[in-house]
Structures are given as C-alpha cells and as structure tokens.
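In this text, all values refer to a predicted model and were calculated from it rather than measured experimentally. Ligands are counted one by one from 1 in listed order, and the atoms in each one are counted from 1 as well. This chain uses plain numbering: 1 for the first residue, then up along the sequence.
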Amino acid sequence: MSRERALIRIHGIVQGVGFRPFVHRLVREHALSGFIKNTSSGVELELEGERAALEAFLADLPKKMPRLAMIDGIESRFGLPLAGYDGFEIRMSRREELRNTLISPDIAICDDCLHELLTPSDRRYRYPFINCTNCGPRFTIIKDVPYDRDRTSMGSFPMCEDCDREYHDIENRRYHAQPDACPVCGPHIFYTDAEGNPVAEGEAALHEAQQALLEGKIVAVKGLGGVHLACRCDEASVVQTLRRRKQRDEKPFAVMCRDAACARELCEISVEEEAVLTSVRRPIVLLKKRAEKAEALSHLSENAMLGVMLPYTPLHVLLFEGMFDALVMTSANISDTPIVKDNGEAVERLRHIADGFLLHNRDIQTRCDDSLCAVVKGKEYFLRRSRGYVPFPVRCGALPAGVHLLACGAEQKASFCLTKGDYAFPSQHIGDLKNYETLSHYEQQIAHFERLFDIVPRGIACDLHPDYLSTEFARDLSEKEKIPLLPVQHHHAHMAACMADNDLSGRCIGLIWDGTGLGTDRTIWGGECLIGDYACFERFGSIRPIPLIGGDRAVTMLERVAYALLRNAGYAAGETAETAQYEKMLQSGLNCPVSSGMGRLFDGVSALLGIRTVAGYEGQGAVLLEAAARKGETEAFPVVFEETDGIVRFDWRPMIAALVQQRESGTDTGTLAARFLNTLTEMAVRQCCMARKATGLDRVVLSGGTFQNLYLLRALPVKLQEKGFSVFTHRRVACNDEGLSLGQAVIAGQNF
Ligand code: ZN
Ligand code: ZN
Ligand code: FE
C-alpha cells in the first residue's frame, strides 16, 4: 500500500468546542501524520497516510466529532505528493484565531455533566452551573471576540486551581472550556421574595423555589437567555392566575417536562419528534396533545397542540429532580417588551407577577428566547429560531463574496440578518419593534453582531413599507453612514428567503401567503403567486382583494371580514346596528382599504364558521381553524379564477357561497374547515399549473406566515408533487416574518 497526502478543509464551528484535541486523537487512532490550522471559516488539515486510513478518518470525523462542533461542509483532495510529515502538529497563530469568527449557540447539558451533577462523590455534585467543552452557555454570555473567559459573563469568576488544571489538560473534557466553573470558584443561585429580599442561597434556594411551585405560586427562574415564569401546569387555577397577572388571556403557554417519558404522558410523540425534543438544542417542540388529555390541558393551549421542551440547564434538572413532571415555563416579558434578563430588572418588572425569584449571579449578556418549532419530515420547522440555533450562520451560495450586508427585516416578528462572504447570520427572535424597548434591543443586537462577526455593512436592505420601524432605522443608518439602501417588496423577500434557505438559484414560482405586506402598487398583499429570482419578480397571481371594514381594526375584529366576504358573495346585509354601520362603510368605501392577504381569508372564514369572531392574538382565527379541520376530509369547495390587470386571482366568492350553503344545511364545522383548506390547496395547485404553462418553471417555494399551518404545509407539497412540481419549504429559518431578513439580504446582494 502506498502513502499519499490529503488536503481537507472543514467549514463550520470547530473552535472552542474541543475540536483540536478530538482531531488529535482521531489522527493518532488512524496512524496519520500532518498538521491542522485555523481558517476564516473553519480549519484546514493536511494529512499523510494510507488511502484507506485517510478515508476512514474522514468517515469518522462527522460521526465522532464533539457535540458542539457544527460542520457545514467538508472539502477534501486526495493524491497529493508526500511532504514527509512526522507526527501531528497544531499550527496556530493568535492572528489566525482572531479570524475565525463563528460562535457556538448555547447547548443543553451533556450526559457526562448530567452524570456528574447527580453523583454525590463528584466535586460538582448538584452544582447548578456545571458545564464542559461539550455543553453549556456560549452565545448568551459572550461580550466580545476572541472568545475567551475574560470576554464573557464568566470574566468575574477566576478559575480555582482544580478548574484551571482541567482547563489546561488536553485529555480532559474541560480542556479550553471557557465557561467552566465549580462550587468553589463559580456563580451561585439564590432565592428572593416578591420584593427582591434575599431568602435563601444554594440548596436552600432551590428548596424554597420548589416549595413555592408546589404550593401553586409563580416563580421567576433565571435561565440561559432570559428569565422564565414557572408554575404548576396541572392546576387550571394556578395557570389562570399567571394569565391574569401576565395579561395574557388566551395565548398558549409552553411547558417544560422532566424528561421525554413525562412529555409522552401529555402528548403523542413520534420518533422524529423525540429526536428534536431531546437534541442538544432543546427547542420547544409543538406536539399533538393526547386525545384523552386534551380537555385537561385546555387551560395551557386552546388548540390541539402543546409546546413542550425538556430541561436544558443543570438548574432546570435540579428544579425538576424528584419533584415535578411538568411545569409551565413561559418567557418573562410584559406585553411585547423583550424577555427580562437581569436580576434587578426581573424584580422591578415582575414583582406583580412572580411570588418569588430563583436567580443567580452569572449575568446574561445577550437575550435569547426559547426556539419554537414543529417537526416536519424529521427536521425542525421553525416558528421561532432562537436559543440553541443562533448565531449559527446559514450558508448560502447566492450571497455576494465581496460585500457585507445588513437586512433589517419586517416589524412585528422582527429579526435582522448580517452577511459576510457566503455566510448569513440571522438574528435571534427580537419581537415587535413598535415597542420602544424592543426597538432599542434590536439596535443593540445589530451592533453586537457586527462586532462579534467583524461585519461592516456596505449595503442595507429593508422592507418596502415606509412606516415599519425597521425601515425607519434602515433609512437613518443609510443616511448617517452613507450606505446605499434597498427597499425590498415584502413577499419577494419571503420568496427569496425560502430560495436561499434551500440554496436555490435561477427562477422559481413562489406561493407566498401571509397576513400583510405592502405591495408595489401600494395596496396590501398576502395571497401571492410570484415568479422570479433573487434579482426581480413579477406578480403572476393573487386572490381577489378583500375590503377591510375599518382598516386595521378588521385584523382583530374578524366578523368584519366575514361580513365583507358575505356581502361580496351576494348575501343580504344583516339587520343589526353594527352591520348597518359596516354596510355604510362598505358602500362608501370610506376607511375600507382592500387586502389580498391570505390571513384575512382565514380570519373571515373562521368567523363565518363561528370559530372565532374577535382575535385575542395575531393569527388566532387561523390557528383555531386548523385545529378544527377534520382529518381525512377530501372534498373542497369550487375553485374559480378571475383575471384582472393580468393577474390571475382566486375568486373566493363561489367558495364562500358554497360554504354558507353547506353550513346552513347542517354540515359540521370541522368538515367545512377542512374543505376550506382543501380548496386553498386545490387553488394553489391550479395557479402553479398556470404559472408553469406561462413560464416553463416547475420549482415552487412555499413561504409566508400562513405556512405555519401544518395542514397546508403537509397537504400542498404532496398535491404539487403529484403534478410534477419540485417543492421547497423552509429548513433553516422561519417561514413567517422572522425569516424575511435572510431574503432581503440575498436580494440586496444581487442588486448592489
Ligand atoms: Zn458537559
Ligand atoms: Zn473551580
Ligand atoms: Fe409576511
């Protein structure tokens, strides 16, 4: 057998995660020689040895790599002439380390640490901050780069001798683990009453918190990226108290379960869902409630699903240990302000909600809410991409190599996205910018990301809507820094986001369905069938515009939309004072802007079906309609199109007429809800067929907030594939407005 040399480039998070010691061991195992060095996007290896050994090394690499390492590309070249390497060398200069800018997300406690946590003889027995190279806080404690302890929240906790020894031992699991600590040198927990007066420390604090929870009190628990409000989930009255104090009447609460077995008591969990639930990222996973538990869990969420997560910090583990199977764990924030993160802030803002505080003295540097996803085709389908995922970049070939960009996102589900080379860095969940504190959090985070990833934007993208606060911010920044600004149409950005998410290039058909977005004609769009690429688009199809009686008020008052649908479909006006007023507004057209938003069609239909006439939170009508839809129903209402101004529009009037007729003849709500969704599916397929006929394109991307609807998300791709289309849905960012900034960035990259 002859020896040869191979060049291997690995892209991803491979620094500060125990990668070098791991490679060192693996090289030894396969009897290879050579060196490793850092590059700007990962590491580069040169190795010499038998071809079979080199290949075995490569095969082992992703399988055996450290838990926190994230590889998003390996390039290898074999058969290079021998250079005569002897042994294995780590070639590392400080300057090179500086260049590697990828930062790990926060990762759930690993099995080794979990074992030590519960082993009485271990020196970190029951220590709430136990962590190692394979687990623990990262993004949420980092203040600056390069990543070392002094530039994290752990800077104020100098390591003790024992920890220091472990830190410098390449054979140790805590080799170069920056946040490592022990009871001697690290942070500690304490418990305060509602006024912030210290009550207990350490084990006693934990005990106080458990006791309070047991008694049905509400306890604020400081976590990784912010504070949670926790309470018993098995007593409706306790949860009602939390709702009342938090002024959150109907929005679902997520629960944290002690383990997967406890979660299975409440919900049905597939093998794939369990894999995501127990993964190192520990998102909240939307799971279907067990039929026999649905009633008992209705105080947590009014629909068929329940958001469930598992403990991810050692403190969570200790809190649940031998005590609770499940607790409500909801982000501690008050009406759309960012999640509370600091001790003083917690007591100040939450003392009217929480009866006690389980806090600690390790600062949270960066807010990061829990991620929320459904599991679709074995993978996360994000509704909110945040803790555990951010700030891992999205790699995308369509981004420009030479210029850094900033994309400012939308407004209600704000996020931003910075780019550098072929990496896009979408931010964590930010929230609604209309709130002043959220807006300043947004601005701070942009500055923080720019510093962390060494990004100096040379182009800015924002939404076409001139009044979004993100647009205002973008405009100001563009003027101040003299950077070119590109306003991007909302649904084009959604489309590009889904294309970039799937790393597509060229032209596609985009079915972009959401609630609201400003169109190029200055009306509100949202039921769009677009054709285009990253550079430009045209509006091929849409839905017949719906008059919004009273403008924005119709977004929460769903019966107004229902009224407009009914009248348009040819039904007689009602008799009440209210409907008389609606009629007057409809007739005069005064304060009745039109919208082709798919969200409005959902709102109107859910009101017509008596599911919801007033929305307590955004999208509530659509969520409950999905929950009501009867599974297995295959019929649909008639699908008719009309063409206006060269746009193929779904004429929903025959659908509404059929729906009302069938409801009057006694067809049940679940069947009608399913038929409505089937009608939209049928409509989409036919629209795509027309678009294909006109353009020859057969790739379809699905994006926009309406595709949070899992019924549609599962049904539509199947129907499209039956007709020969290739269908792409979101994989790495959310389909709602949170994912929009990625699309804006890619479009800006093509236009600057
Ligand atoms: Zn660990
Ligand atoms: Zn120590
Ligand atoms: Fe949108």
If I take the Zn ion (ligand 2) as the centre, what angle separates the SG atom of C182 from the SG atom of C185? Nearest 10 degrees is fine. 110°
At the Zn ion (ligand 1), what angle lies between atom SG of C132 and atom SG of C135, rounded to 10 degrees? 120°
Between NE2 of H494 and NE2 of H490, what angle is found at the Fe ion (ligand 3), rounded to 10 degrees? 100°
For residues F676 and F602, establish whether the separation of their ring centroids is below 6.0 Å. yes
When H490, H494, H492 are each screened for ring pair (Phe, Tyr, Trp, His ring centres under 6.0 Å) with F537, the one that passes is H492
F382 six-ring face occupied by R731 cation (under 6.0 Å, within 45°): no
Rounded to the nearest 10°, what angle sits at the Zn ion (ligand 2) between SG of C160 and SG of C163? 110°
CA sep, side-chain torsions, deciding dist, call: R539, D521, salt bridge (charged side-chain N to carboxylate O under 4.0 Å, His left out): CA-CA 11 Å; R539 193 184 192 198; D521 61 1; 3.7 Å; yes
Where the Zn ion (ligand 1) is the centre, what is the SG-to-SG angle for C110 and C113, rounded to 10°? 110°
If you look at D737, which of its N/O/S atoms is nearest to the Fe ion (ligand 3)? OD1
Locate the shortest heavy-atom distance separating H429 from E738; write the atom from each residue and the value. ND1-OE1, 3.8 Å
The Fe ion (ligand 3) to D514: nearest N/O/S atom name: OD2
Think R281 forms a cation-pi with Y389, using NZ or CZ under 6.0 Å from the six-ring centre and within 45 degrees of its axis? yes
Could you confirm whether H491 has any N/O/S atom lying under 2.8 Å from the Fe ion (ligand 3)? no
